[in-house]
Amino acid sequence: MKHTLICLVENKPGVLNRVVSMFRRRNFNMDSLTVGRTHNPDISRITIVMEGEAGDGKKVVMTLYKLIDVIEVQDVTNIPTINRDLALVKVRTPDAYARNAVTDLCYERGAHLVDIGPEVTIVELAGAEESVESFVDALHQFEIVEMVRTGRVSMGRGIRTMEQRDYKSTRFPTYTPSMNGGSAEHDDE
Amino acid sequence: MKLSGAEIVWECLLREGVDLVFGYPGGAILPIYDALTRYPQIRHVLPRHEQGGTHMAEGYARATGKVGVMLATSGPGATNLVTGLANAMMDSSPLVAITGQVPLPAIGTDAFQETDVTGCTLPVTKHSYLVTRTEDIAYSIREAFYIARTGRPGPVLVDIPKDVQNRVIEFHYPEGELRLPGYNVPGKAHPKEIEAALDLIHSAKRPLILAGHGVLMSGAMEEIRNFAEITQTPVALTLLGKGSFPENHPLCVGMMGMHGTAAANQAIQQADLLLAFGMRFDDRVTGNLKTYSPDSKKIHVEIDPSEINKNVKVDVGICGDLKMVVRQLLPKLQTGQHQEWIGQIRDWEEDTSERDILLQLAAHPDGKLWAAQVIAELFRCTEGKALTVSDVGQHQMLEAQYYPHTRPHSLLTSGGLGTMGFGMPAAIGAKLGRPEEEVWAIVGDGGFQMTLTELGTAMQENVGIHIAIINNSYLGMVRQWQEFFYEERYQSTPLKNPDFVKLAEAYDIPARRVSTKEEIEEAVAWARSIDGPTLIEFVVVQNDIVYPMVPAGADLHAMIRRPKPSESPDFENNPTAI
Ligand SMILES: Cc1ncc(C[n+]2csc(CCOP(=O)(O)OP(=O)(O)O)c2C)c(N)n1
Ligand SMILES: [Mg+2]
């Protein structure tokens with residue numbers, strides 16, 4: 001299954017390297033990674049999508065906490081979030097007919113024409129991954145010459161933000177014991 | 001006060017309470033060495049190889065509980081640190097390594113002796129710094145020491161370019177709190193976690209404590225002992241947990257794992273509650289995870305949250321400082337009685353002692369010298385009071401089996417990484433840190449030769465360690481695997497060795513060779529009478545086997561055992577045959 005993790009880190013040189021190196025070292029498989037600033041210039045925010053088994057999300061969170069520069073990590077896989085992916089697609093539009101068709105498609109899908117040249121047109125769509133996916137599918141009626149996607153960025157819904165807890169010592173999250181007292185499951189791989 | 005970056009390094013070390021450092025000079029760290037001439041209160045020990053230096057710093061750290069410091073130059077000096085840092089990382093030892101780096105403008109140009117050392121050591125350090133401004137040196141070093149010794153301790157590397165060392169600035173030591181928003185040191189448990197743990201503890205019929213290195217590091221020896229005595233819970237030890245609970249205590253069942261006591265392993269498999277205290281369920285102690293302690297509830301108290309539920313799923317996982325957590329538990333404990341369970345463990349122990357090689361040899365002496373006899377004699381002659389430092393291999397496991405430890409921090413060994421060559425330099429570091437201790441380095445003929453250059457250090461600094469080489473002319477532990485699992489094809493394990501006695505004498509270190517059991521006592525007394533380093537080579541049986549053995553990945557209860565005399569058909573003629 002896919003896990004989505006949000007990670008707040010100190011905005012210092014080498015931090016991204018530490019995060020990525022941890023994934024390689026522990027043999028976790030990264031699907032996409034985006035990183036950028038937050039409104040606090042000392043903090044960067046990383047969104048990671050990874051492929052793994054059900055328990056892996058927790059393991060990665062715990063291991064990320066071992067990195068000194070990692071301030072907070074949240075596994076948002078199972079909480080309500082807004083997810084966005086942005087695609088820039090360059091399609092071949094050699095004649096007016098093609099240009100019109102692309103324009104219509106963009107209008108229909110809420111995408112933008114961001115650059116129109118004599119040979120090619122660049123279109124942009126930001127949205128949930130599925131809508132980006134289906135938009136790209138539709139663009140295949142033209143010839144796609146180049147494409148780039150940012151990968152997922154996520155934000156939890158509602159008032160609870162991650163930044164509110166920044167720069168306060170948070171205790172390491174611990175496992176709440178299972179109250180039913182059932183015996184521990186064992187790895188069955 | 002105007003100081004150079006190099007001087008600031010020493011100012012900061014002084015403020016951390018450092019009075020002894022290990023290090024090896026070279027171009028990129030020369031300013032720091034030159035500045036050392038102005039800090040005569042700090043003793044500097046020169047190893048013969050940077051790897052040896054890191055092991056010395058680790059031995060020093062583990063013997064004293066202080067942070068060990070190692071300096072090295074850029075490039076090859078820094079890359080030589082990697083094994084030592086990895087060892088400290090795996091065994092959670094507090095180290096600070098300070099390396100020189102090529103000047104800032106040269107970084108990234110493949111300059112002479114440039115290595116990306118923060119990159120090379122990224123996976124084997126707890127944290128690292130590349131200091132790019134002289135103003136940042138003091139902060140980095142303060143943070144480095146704090147991070148190295150707190151939480152789950154570990155090695156931290158500080159890489160300082162030469163021009164940053166040379167620049168002179170107005171220096172004020174940064175007092176006040178460190179700003180480490182992403183670093184939290186776990187402390188007490190949540191009351192709910194304590195309640196959940198108590199429920200399991202009080203309903204257990206066959207409980208067992210697994211005491212690891214964390215007991216020693218959090219200083220929870222007394223708390224664990226009280227816990228065990230109040231609840232009458234037997235205690236099994238990991239290799240690095242030795243010394244955390246007295247092995248002569250009636251509740252101690254000895255070491256667990258691959259070469260642990262059969263009683264400890266059987267107890268783990270039959271327990272209905274495991275109390276894992278400051279240990280991390282390494283594959284060398286669990287064997288096959290699928291069949292590991294199948295009927296038990298598990299409580300795991302551990303300072304590193306990523307260890308909880310990593311290898312073994314637990315019912316109650318508590319991320320915290322062991323000493324604090326056990327102190328929370330102690331006043332709420334009900335006294336326990338587990339006579340049946342303890343009786344069962346006694347039976348297993350009796351079955352074990354019947355198979356003991358020493359008893360078998362006592363009944364049927366064969367005139368040869370066996371490694372187990374050497375260790376047992378060393379134990380007897382030193383009254384069990386030495387600080388022993390073992391290397392890696394059969395002799396390490398035999399040390400663990402035949403030299404019971406009753407005091408904390410009285411055994412140092414490379415557990416997690418299993419680094420051959422760790423023993424002798426670590427013993428030097430331990431002796432320098434605790435000069436009042438009688439320190440024995442118990443090493444194999446193979447591992448000793450990986451870092452034997454450090455005899456030079458022992459000589460130059462007159463470090464009074466006793467080196468016991470258990471010479472079986474084999475990479476014995478590998479030979480054992482070849483015997484069991486590769487149909488006795490002894491590929492690349494026999495050793496043609498130098499004359500170790502002459503070798504020691506070349507370093508002006510008094511040395512002797514012992515090849516019978518009868519000579520041991522006198523030789524040990526001789527070594528103990530000498531003020532300064534000594535070496536004894538024990539020439540032992542070559543085709544020895546360490547029993548019991550859980551093959552890698554096998555079920556923990558599926559131990560290969562030494563046969564009982566009654567089960568061995570050819571016992572009269574060949575008492576020690578498998
Ligand atoms: C640096 C290193 N290389 C290789 C190994 C693999 N290894 C583990 S034990 C061992 C044999 C050790 O031989 P020796 O030092 O003579 O000790 P013995 O087992 O004979 O007591 C080897 C090669 C290791 N642990 N460390
Ligand atoms: Mg050997």
Side-chain angles (χ1 to χ4, degrees), chain A residues 7-26 40 42-44 54-73 163 165-189, chain B residues 118-119 122-123 126-130 132 143 147 151-152 154 156 179-190 192-197 199-200 203 272 274 289-300 302-320:
Chain A
C7 188
L8 298 183
V9 300
E10 292 207 53
N11 183 10
K12 283 186 186 165
V15 176
L16 186 62
N17 184 22
R18 288 179 198 276
V19 170
V20 172
S21 159
M22 191 284 284
F23 276 80
R24 178 187 54 75
R25 211 154 68 227
R26 300 271 164 166
N40 182 337
D42 291 342
I43 298 181
S44 303
D56 286 353
K58 235 172 201 174
K59 281 190 191 170
V60 174
V61 171
M62 291 303 147
T63 318
L64 280 170
Y65 269 119
K66 287 181 74 155
L67 303 179
I68 312 291
D69 297 321
V70 170
I71 300 167
E72 185 151 3
V73 193
E163 275 90 346
R165 286 198 270 162
D166 66 2
Y167 285 74
K168 283 275 159 297
S169 270
T170 51
R171 222 173 75 82
F172 276 112
T174 59
Y175 290 93
T176 20
S178 60
M179 291 304 174
N180 58 17
S183 182
E185 290 164 41
H186 291 275
D187 267 343
D188 41 14
E189 4 58 88
Chain B
T118 45
L122 188 69
K126 184 172 172 186
H127 197 49
S128 55
Y129 297 83
L130 169 58
T132 53
E143 284 187 15
I147 290 169
R152 178 176 179 177
V156 181
R179 200 193 131 276
L180 287 165
Y183 185 66
N184 305 291
V185 179
K188 284 189 181 174
H190 192 278
K192 271 196 181 153
E193 294 170 334
I194 295 292
E195 288 312 314
D199 280 351
L200 294 184
S203 55
D272 70 351
L274 291 186
L289 284 172
K290 277 183 222 159
T291 56
Y292 181 72
S293 192
D295 304 324
S296 64
K297 297 270 166 50
K298 296 172 186 75
I299 299 173
H300 193 182
E302 166 58 49
I303 200 156
D304 176 352
S306 74
E307 293 295 349
I308 299 173
N309 286 318
K310 183 178 88 177
N311 295 339
V312 171
K313 293 243 167 67
V314 297
D315 301 87
V316 177
I318 300 177
C319 172

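Naming: A, B, ... by sequence-line order, numbering from 1 per chain.
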Rounded to the nearest 0.5 Å, what separates atom [atom1] in [X] from atom [atom2] in [Y]?
X	Y	atom1	atom2	answer
A:N17	B:L122	CG	CG	5.5 Å
B:T118	A:R18	OG1	CZ	7.5 Å
A:T63	B:E307	OG1	CD	8.5 Å
A:E10	B:L180	CD	CG	7.0 Å

State, with a plain yes or no, whether a side-chain heavy atom of A:K66 is found less than 4.5 Å away from one of B:D304.
yes

Note, A:D69 side chain near B:H127 side chain (heavy atom, < 4.5 Å)
yes

I need the minimum non-hydrogen distance between [X] and [Y], along with the two atoms involved.
X	Y	answer
B:N309	A:K59	O-CE, 3.8 Å
B:S306	A:M62	CA-CB, 3.5 Å
B:P123	A:R25	CB-CD, 3.3 Å

Side chain to side chain contact (heavy atoms under 4.5 Å, CB included) partners for A:R24, two or more places apart:
A:S21

Contact part of B:T132 toward chain A, heavy-atom cut-off under 4.5 Å: side chain, backbone, both or neither?
neither

Where on A:L64 is there a heavy atom nearer than 4.5 Å to chain B: the side chain, the backbone, both, or neither?
neither

Tell me every residue that passes side-chain hydrogen bond (donor to acceptor under 3.5 Å, both in side chains) with B:S203, counting only those two or more places apart in sequence or in another chain.
none

